[in-house]
Amino acid sequence: MTAPNKVLVVYFSRTGHTAALAQAIARERGWPIARIEEATSRQGWWGYVRSAISALLGQSVPIRYDGPPPESFDLVVIGGPVWVSKIAAPALSFATQHAKGLKSVALFCTYGGSGANQALAGLAQVCSLSPVAQLALTEAVMTSDTFASPVKDFVKRINPLPGNTSSTAVPTGT
Ligand SMILES: Cc1cc2nc3c(=O)[nH]c(=O)nc-3n(C[C@H](O)[C@H](O)[C@H](O)COP(=O)(O)O)c2cc1C
């Protein structure tokens with residue numbers, strides 16, 4: 001595989017684990033990073049229930065994405081938390097909306113302890129692409145701050161050439 005020149009990291013996170021992982025991935029090569037947002041908060045008990053229902057029904061949810069156009073990148077790294085063994089609805093909705101323009105993808109997720117493989121397989125299916133690399137880390141790993149090594153391995157699989165970064169894209173909010 002030729003190393004991709006332009007790589008973008010895009011993620012959704014409800015409670016911060018996936019955000020921390022996305023930031024660590026982007027930091028490795030200085031890749032631009034963009035967050036998928038929603039108009040309605042998913043915090044609290046009701047937010048949890050709504051999230052579970054969205055995932056169970058495979059619902060497409062309204063999202064706000066203010067990052068650079070993913071279609072202009074060689075490879076997009078997409079991630080989200082696992083919700084009832086699926087990728088969280090906002091991340092899945094992003095992938096669905098942009099699937100046609102994606103050239104290549106790498107996928108990641110954080111999760112409590114089960115369903116990560118199924119969730120990443122579902123995300124790959126929506127992208128209609130076979131990911132060049134996948135990374136699933138538990139929230140225990142994220143909170144114990146032991147994720148540096150798996151992140152390095154994941155990034156190497158995406159782009160084995162240090163310093164081969166995008167110089168044109170402007171980083172967006174994390
Ligand atoms: C509605 C909902 C459903 C979840 N379902 C699962 C699940 O099926 N398997 C699992 O291992 N963790 C599950 N989790 C836990 C999250 O995947 C985990 O806490 C993740 O790290 C949260 O990421 P975030 O902090 O980026 O939002 C669920 C969390 C929520 C809110």
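Counting convention: from 1, in listed order, for ligands and their atoms alike. The residues of the chain are indexed from 1 along the displayed sequence.
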TODO: Begin with the C-alpha distance, continue with both residues' side-chain angles, and end with the deciding distance and a verdict on ring pair (Phe, Tyr, Trp, His ring centres under 6.0 Å) for Phe12 and Phe94.
DONE: CA-CA 9 Å; Phe12 172 79; Phe94 172 87; over 10 Å; no

- [ ] Could you walk me through whether Tyr11 and Leu21 pass the side chain to side chain contact (heavy atoms under 4.5 Å, CB included) test, one step at a time?
- [x] CA-CA 9 Å; Tyr11 71 96; Leu21 183 52; over 6 Å; no

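Not a single donor-acceptor pair under 3.5 Å links the side chain of Arg42 to the backbone N or O of Arg14. Judged by distance alone, the side chain of Lys6 and the main-chain N or O of Ser72 form a donor-acceptor pair under 3.5 Å.
Between the OG1 atom in Thr110 and the CG atom in Leu137 there is a gap of 8.0 Å [rounded to 0.5 Å].
The immediate protein surroundings of ligand 1, defined as residues with any heavy atom under 4.0 Å of it, consist of Ser13, Arg14, Thr15, Gly16, His17, Thr18, Tyr48, Ser51, Ala52, Pro81, Val82, Trp83, Val84, Ser85, Thr110, Tyr111, Gly112, Gly113, Ser114, Glu139.
Summarising the local packing, CG of Asn117 is surrounded by 12 or fewer heavy atoms from other residues, nucleotides or ligands at distances under 6.0 Å.
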